[in-house]
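Atoms considered below: every heavy atom in the structure, side chains included; atoms not considered: hydrogens, waters and symmetry mates.
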There are 2 protein chains.
Amino acid sequence: MDVRTICLGILTRGDATGYEIKKLFEEDGYAFFVEASFGSIYPALNRLTEEGLVSVREEAQTKRPDRKVYSITPAGRQAFLASLLEPLSEDRYRSPFLFAMLFCDLLPQGSVERVLDDYIAHAERKLTQLSEGNPETNGKGERFVRDFGRTMYVAMLQYLREHRSEFKAEALKAAE
Amino acid sequence: MDVRTICLGILTRGDATGYEIKKLFEEDGYAFFVEASFGSIYPALNRLTEEGLVSVREEAQTKRPDRKVYSITPAGRQAFLASLLEPLSEDRYRSPFLFAMLFCDLLPQGSVERVLDDYIAHAERKLTQLSEGNPETNGKGERFVRDFGRTMYVAMLQYLREHRSEFKAEALKAAE
DNA sequence: GTTTGCATGTAAACGGTTACATGATTGG
DNA sequence: CCAATCATGTAACCGTTTACATGCAAAC
């Protein structure tokens, strides 16, 4: 999903500035499956405006850049719908962690344990973040996606905890 | 993980050509967490050769481009180890599917069901692919990674099957 | 007879990140 | 007093994908 489409999607939920669009996808934990930086959001919004898929109204502010509040236009709504209906590109999961684990036999004593523990801690934080999202204002899609994420992190953590002991120094020595 | 490091990693397991490197990560189902195309592999191998991290021996072939078989050098091994030991960058999971599901309320009747069913079918294929990998020649890391992938796909499929009925046309009508 | 597999490579295009520039306000 | 928040934007850089070029052999 390119940044253009992400922006359109967010704007179907209500008007927003570029700054707010970024924040919306950081908080609550949608960040786990989609992402965009300022450097791509602002140019995307400009292009969408040129193409008539969104409209802008500028709100003057003293001593700050003017807020540019974007709204999706009917044409934008249509384009967004169309992009959801055409074949979705595949999910991609890129994991430096799994890649490193593939070579655990090459790593020095203890460092695999450290990598694993760091990763577990990280997954725990992500899971907490996902579970903390306000559960009331969310619609059907939001609930489905959040629970999907939670399910995946729970399964991941269970697997990691179950297999952690295999990589302890003692276990490795015993296997020699 | 950049293509350079991926190539180095594969070469720690044995010599290979660029062509073989690509294949190694397509088959067996390592593809679910790491990927690279020819357009990035060949230049990466050339650069690694320049830097002395790998060496090449050319095997002449009639009526075909010469096979270029790459081996990792001691310097390459060292560089690879070092890259595994420095802080790993975060996993990234990008999901057009979840993004689309977020907006299921905007989609026409039946199309959410279709998206879900396609995704389930796709996940089933991936799981089968992962389970079919030859279980004997694999080392500790390979086993860990493969079972990690299996665990995740199993959890995903269970979640999707459990929630599928919520998106059936009848269920949506009943909720009106 | 067409597709798949083997085998390497280049160049343009793409999408995106990172770093930079600017600068007042609010909260700790 | 310093960090974070609000707020927009540009430009250089990066790694990668896609399309192209070449071409035989074996399998279906």
Within this structure, what is the [atom1]-to-[atom2] distance between [X] and [N], rounded to whole angstrom?
X: B:L45; N: C:dT10; atom1: CG; atom2: C1'; value: 15 Å
X: B:E58; N: C:dG9; atom1: CD; atom2: C1'; value: 13 Å
X: B:E90; N: C:dT17; atom1: CD; atom2: C1'; value: 15 Å
X: A:E59; N: D:dT8; atom1: CD; atom2: C1'; value: 14 Å
X: B:Y42; N: C:dT8; atom1: OH; atom2: C1'; value: 5 Å
X: A:K68; N: D:dT10; atom1: NZ; atom2: C1'; value: 13 Å
X: A:E26; N: D:dA7; atom1: CD; atom2: C1'; value: 14 Å
X: B:I41; N: D:dG15; atom1: CD1; atom2: P; value: 16 Å

Distance-only donor-acceptor check, side chains B:D91 and A:Y93, under 3.5 Å:
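A donor-acceptor contact under 3.5 Å links the two side chains.
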Assert: residue with more 5' nearest nucleotide on DNA chain C, out of B:P43 and A:R47, is B:P43
Distance-minimising heavy-atom pair for A:V3 and A:S40
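In terms of heavy atoms, the two residues are closest at CG2-OG, 3.6 Å.
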Is the gap between the ring centers of [X] and [Y] under 6.0 Å?
X: A:Y19; Y: A:F38; answer: yes
X: A:F32; Y: A:F148; answer: no
X: A:F103; Y: B:F80; answer: yes

Out of D:dT10, D:dA7, C:dG9, which nucleotide sits closest to the side chain of A:R67?
D:dA7
Candidates C:dG9, D:dT8, D:dT17 - which lies nearest the side chain of A:F38:
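When the side chain of A:F38 is considered, D:dT8 is the closest of C:dG9, D:dT8, D:dT17.
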Is the Lys NZ or Arg CZ of B:K22 less than 6.0 Å from the centre of B:Y42's six-membered ring, within 45° of the axis?
no
If you take any heavy atom closer than 4.0 Å to DNA chain C, which residues from residues 4-21 of chain B end up in contact?
B:T17, B:G18, B:Y19
Ignoring backbone atoms, test whether A:S40 places a side-chain nitrogen or oxygen under 4.0 Å from the OP1 or OP2 oxygen of C:dG15.
no
Please confirm whether the shortest side-chain N or O distance from A:K23 to OP1 or OP2 of D:dC6 is below 4.0 Å.
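Yes, within the criterion.
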Across the strands shown, which category fits A:K22 at heavy-atom distances under 4.0 angstrom: base, sugar-phosphate, nothing?
nothing
Should the pair A:R146-A:E142 be classified as a salt bridge under the 4.0 Å nitrogen-to-oxygen rule?
no
